[in-house]
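Values below: every heavy atom of this structure, side chains too, minus hydrogens, waters and symmetry copies.
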There are 2 protein chains.
Amino acid sequence: MTKPGIKDIARLSGVSPATVSRVLRNPGLVSEDTRTRVMAAIDKAGYKPNRFGASLRTQKSGNIMVVIPDITNQVNAGIIRAIESEAQKAGYCILLGDTQGKPEREQHYADMVNSGQADGILLFTANLPFSLDHSRPLLGQLPPLVNANEANEYDEIYKVVIDNRAGAQAAMEHLLELGHTRIAAVLGPLETPTSRERLAGYRQALEHANIEIDEELIIPGDYGTESGRLAMEKLLKLRHRPTAVFCFSDDMAIGAVSVLHQYGFAIPGDMSVMGFDDIRYATLLSPALTTVHQPLEEIGKASMQLLLQQLKGEEPEQRYIVQPFSLVIRQSTGPVPR
Amino acid sequence: MTKPGIKDIARLSGVSPATVSRVLRNPGLVSEDTRTRVMAAIDKAGYKPNRFGASLRTQKSGNIMVVIPDITNQVNAGIIRAIESEAQKAGYCILLGDTQGKPEREQHYADMVNSGQADGILLFTANLPFSLDHSRPLLGQLPPLVNANEANEYDEIYKVVIDNRAGAQAAMEHLLELGHTRIAAVLGPLETPTSRERLAGYRQALEHANIEIDEELIIPGDYGTESGRLAMEKLLKLRHRPTAVFCFSDDMAIGAVSVLHQYGFAIPGDMSVMGFDDIRYATLLSPALTTVHQPLEEIGKASMQLLLQQLKGEEPEQRYIVQPFSLVIRQSTGPVPR
DNA sequence: TAAAAGGCTGAAATCGTTTACATCAACAGG
DNA sequence: CCTGTTGATGTAAACGATTTCAGCCTTTTA
């Protein structure tokens with residue numbers, strides 16, 4: 001038999017299609033009696049409402065677009081998992097968009113929302129891939145949207161982030177307390193606000209401690225393991241080496257650690273290494289990595305909830321949610337070598 | 001102005017809606033002249049065809065459901081990325097379904113296909129969450145489907161895998177060649193065919209080398225880092241310890257290595273450690289992990305292509321694709337300690 | 001007992017496309 | 001000059017659900 005439609009169920013249970021629809025969407029409107037009869041027919045026929053028909057009528061897809069720069073990244077993956085779980089609970093599906101850093105792909109995914117394929121969008125990039133008329137208020141021009149993790153410049157937009165500057169400061173203060181004064185930084189991509197914020201925290205902590213900033217110790221990076229390796233190679237070649245290095249991601253820290261091991265340096269004996277993110281592997285590294293913990297689960301959950309509220313038409317009480325970070329001190333940091 | 005529909009474009013360019021549709025779906029049927037006129041109107045109005053209408057008519061969603069057990073896992077994430085990229089090229093979107101190991105979620109995601117929300121499904125679990133009549137041929141009962149990575153029992157189903165048994169054997173042969181005779185195995189979940197295959201490879205290699213299998217050295221695990229830690233704790237308590245351990249995933253190997261470090265054992269001096277997967281972090285571990293490389297990108301790509309062929313109605317030349325693994329020898333394995 | 005209210009249900013319009021079929025003009029071949 | 005063919009377009013019927021509106025039948029209320 002061909003796949004049953006709402007009409008088939010209607011016929012089977014001796015009611016009109018309208019009533020079948022009500023049984024599914026609004027059971028309260030239907031009498032106990034017919035409801036059970038219709039439900040029985042639905043079960044027996046194995047009827048699944050065709051989403052297209054419903055979507056066409058309601059103009060709701062039941063999908064949420066999630067745009068991330070790289071699914072392979074542990075931080076993103078962790079957040080996505082939470083998001084997916086929340087979405088499913090709320091009856092939504094996740095459309096995954098991995099931009100691999102390319103703006104045209106961002107654009108493409110944003111169009112999904114414009115064409116109605118998704119009801120809302122969760123952006124993990126700082127860019128806003130929508131054409132905007134800046135003379136008018138933003139909110140009216142945008143679909144339901146939440147910007148998470150990488151905060152863009154627009155104040156009006158719903159956001160979920162951690163205080164990256166404070167996180168970096170906390171990291172630095174830990175190193176300063178251990179007596180380090182020559183502390184290198186390995187940055188993330190400077191296009192990302194996250195990385196700029198962390199850099200600001202780095203500078204601020206040093207200034208606060210009255211330590212002159214040596215630009216030679218600030219090494220560019222891209223959050224990836226390989227760039228951590230390269231950065232450490234560079235640092236080791238310096239005639240006046242740092243005694244500690246603050247990597248803006250755990251991945252880079254892991255890269256840096258591997259280079260130190262390779263050349264036989266002791267951690268933290270010869271150099272302290274500090275990460276950022278607290279990915280799953282941080283604790284398994286030898287020595288276990290001191291780092292700044294990001295609550296991935298909570299970030300994901302909060303983003304999703306903020307989006308769901310918008311989709312329900314509610315006005316969330318706050319449009320800017322800051323999740324708490326925490327400094328996790330493990331074994332990769334220690335006092336300055338004498 | 002409200003969002004323009006196909007009728008608006010028709011009016012704007014002085015043609016019928018049918019022609020507008022043709023311009024978009026089948027430009028060949030339309031004269032050069034009107035085509036440019038219509039395109040101009042589309043651009044000017046910023047018209048995006050509403051997918052619901054089209055989907056309702058064509059019964060195609062343009063979505064592909066991807067069902068995986070855990071997005072956080074590096075192996076899965078790597079495959080997904082390739083899949084997503086291929087899908088996008090082909091004009092499809094990825095609906096992400098993370099089952100977190102729960103069968104009811106598998107079921108739920110499979111229903112997406114039944115309700116037409118996705119045109120095909122990519123399964124990374126061994127389970128087939130569809131109600132089947134086993135007396136009839138399977139192929140007619142299933143939607144376009146590819147089973148990747150975890151091979152289920154059904155021969156008729158399209159699959160992309162690596163030869164896990166041979167991979168495990170290769171790993172074991174490497175250890176045997178190094179002179180190891182007491183080799184432990186840390187398994188994945190035995191519900192997964194992958195893990196059973198690897199176990200078979202383990203046994204086969206030992207039998208082939210005429211080494212009696214000591215069941216004490218076979219430790220259950222779940223592919224996660226923590227279970228690797230626990231397994232190693234167990235192994236270290238044995239009165240007659242192994243000299244090498246073959247972990248069925250890199251994650252478990254990383255866990256095992258961390259325990260060895262913790263207790264001050266040298267790798268591979270005191271014990272050799274072998275992984276499986278070759279995740280990104282394998283090479284950064286100290287010592288770098290010897291492991292079996294899985295071509296994630298190729299697995300993802302092949303799965304997607306197999307699915308796309310089905311969606312196009314083509315019959316793929318082979319329905320069972322085996323991707324090559326390769327043994328990657330790094331520093332975590334070495335000769336037996338004397 | 002009449003009117004009002006409330007509970008349930010069905011008829012029919014509607015959402016925005018696609019596409020089979022009809023139409024019509026132009027043109028080629030006989 | 002007629003006929004058949006081709007190319008370009010329009011007409012209108014789907015596709016499968018939701019939802020407004022109206023109608024009917026009970027109850028309640030005055």
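Looking at Asn26(A), its side chain never comes within 3.5 Å of a backbone N or O of Gly28(A) through a donor-acceptor pair. Panel note: side chain Arg22(A), backbone Val30(A); no donor-acceptor pair is recorded below 3.5 Å. Listed for the Asn63(A) side chain is a donor-acceptor partner under 3.5 Å among the backbone atoms of Gln117(A). In this structure, Ser195(B) contributes its side chain and Thr192(B) its backbone to no donor-acceptor pair below 3.5 Å. Judged purely by atom type and a 3.5 angstrom limit, Ser115(A) has no side-chain atom pairing as donor or acceptor with the backbone of Asn50(B).
Listed pair Thr19(B) / dG10(D) meets the phosphate criterion, a side-chain N or O lying under 4.0 Å from OP1 or OP2. In this model, the phosphate group of dT9(C) is approached by a side-chain N or O of Thr34(A) to a distance below 4.0 Å at OP1 or OP2.
As rounded to whole Å, 16 Å separates atom C1' of dG10(C) from atom CZ of Arg11(A). Per the geometry, CG belonging to Leu29(A) stands 20 Å off P belonging to dC24(D), to the nearest Å. Atom CZ of Arg35(A) is separated from atom C1' of dG7(C) by 13 Å (rounded to the nearest Å). Taking atom CD1 on Ile9(A) and atom P on dA17(D), their separation rounds to 9 Å, with Å as the unit.
No more than 12 heavy-atom neighbours from other residues, nucleotides or ligands sit within 6.0 angstrom of NZ on Lys44(B).
Inspection of the Thr194(B) and Glu150(B) side chains reveals an N or O donor paired with an N or O acceptor under 3.5 Å.
A salt bridge does not link Lys301(B) with Glu298(B): none of the charged nitrogens is closer than 4.0 Å to a carboxylate oxygen. Ion pairing between a basic and an acidic side chain is recognised when a charged N comes within 4.0 Å of a carboxylate O; Glu84(B) and Arg81(B) show no such pairing.
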What N/O pairs connect the protein and nucleotides 16-18 of chain C at under 3.5 Å? Give each pair on its own line.
| residue | atom | partner | partner atom | Å |
| --- | --- | --- | --- | --- |
| dG16(C) | N2 | Gly53(B) | O | 3.1 |
| dT17(C) | OP1 | Tyr47(B) | OH | 2.9 |
| dT17(C) | OP1 | Asn50(B) | N | 3.0 |
| dT17(C) | OP2 | Ile6(B) | N | 2.7 |
| dT17(C) | O5' | Tyr47(B) | OH | 3.2 |
| dT18(C) | OP1 | Arg25(B) | NE | 2.2 |
| dT18(C) | OP1 | Arg25(B) | NH2 | 3.1 |
| dT18(C) | OP2 | Ser21(B) | OG | 2.4 |
| dT18(C) | O5' | Ser21(B) | OG | 3.4 |
| dT18(C) | O2 | Arg57(B) | NH1 | 2.1 |

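The terminal axes of the helix from dT1(C)-dA30(D) to dG30(C)-dC1(D), fitted over 5 pairs per end, subtend an angle of 40° to the nearest 10°.
Here Ser55(A) lies out of heavy-atom contact (under 4.0 Å) with every strand. No engagement by Gly116(A) is indicated, since no non-hydrogen atom pair under 4.0 Å with the nucleic acid exists.
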